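Since we're looking at a predicted model, the values are computed, not measured. In what follows, every heavy atom counts, from backbone to side chain, and hydrogens, waters and symmetry copies are set aside.
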Amino acid sequence: MPSANEPAHNPDELLSVGEMSRRTGVPVSSLHYYERLELIASQRTAGNQRRYPRFMLRRVALISVAKRLGIPLEDVKEAFIDVPLTTTP
């Protein structure tokens, strides 16, 4: 358990695609699709495995809510235009 002076999580933590899927409830195939649409972004390890910055959890959550509300992914992409993809907003 972190002490009072330490954050509960590391904001620079990188998550595997499986961990992203587990934490968000979004299938791995959908995460790959969102990445192809440039809604989310990952970094690659030396072994070419995807690693997602922790702040991508929030983006995936927003995408999931938009989908449940019937908002097309193209509209979500347009709404994200001014939100940085590679740094914490």
Quick one, Tyr52 with Ile40, criterion side-chain contact (heavy atoms from CB on, under 4.5 Å). Give me CA distance, side-chain angles, the key distance, then yes/no. CA-CA 9 Å; Tyr52 294 93; Ile40 62 173; 3.7 Å; yes

Tell me whether Leu62 is reachable from Val60 by hopping between hydrophobic residues (I, L, V, M, F, W, Y) whose side-chain heavy atoms are closer than 4.5 Å. yes

Spell out, yes or no, whether Val17 and Met56 are grouped together once hydrophobic residues are joined by side-chain heavy atoms under 4.5 Å, including indirect joins. yes

Show me the donor-acceptor pairs within less than 3.5 Å that the side chains of residues 67-85 make with the rest of the protein, sequence neighbours left out.
{"residue": "Lys77", "atom": "NZ", "partner": "Leu37", "partner atom": "O", "Å": "3.1"}

Listed partners of Arg22 passing salt bridge (charged side-chain N to carboxylate O under 4.0 Å, His left out), at least two apart: Glu19

[atom1]-[atom2] distance between [X] and [Y], expressed to the nearest 0.5 angstrom:
X: Ser64; Y: Arg59; atom1: OG; atom2: CZ; answer: 13.0 Å
X: Thr86; Y: Phe55; atom1: OG1; atom2: CZ; answer: 6.5 Å
X: Leu31; Y: Thr24; atom1: CG; atom2: OG1; answer: 5.0 Å

Which pairs count as salt bridge (charged side-chain N to carboxylate O under 4.0 Å, His left out) when at least one residue sits in residues 25-35, sequence neighbours excluded? Glu35-Arg50

Side-chain touch Arg51/Leu15, heavy atoms, less than 4.5 angstrom: no

Any side-chain heavy-atom pair of Tyr33 and Leu39 under 4.5 Å: no

What closest approach, in Å, do Pro53 and Ala41 show between heavy atoms, and which atom pair accounts for it? CD-O, 3.7 Å

Compare every heavy atom of Val26 with every heavy atom of Ser21, then report the nearest pair and how far apart it is. OG-O, 2.7 Å

Are Glu13 and Arg23 within salt-bridge range, i.e. N to O under 4.0 Å? yes

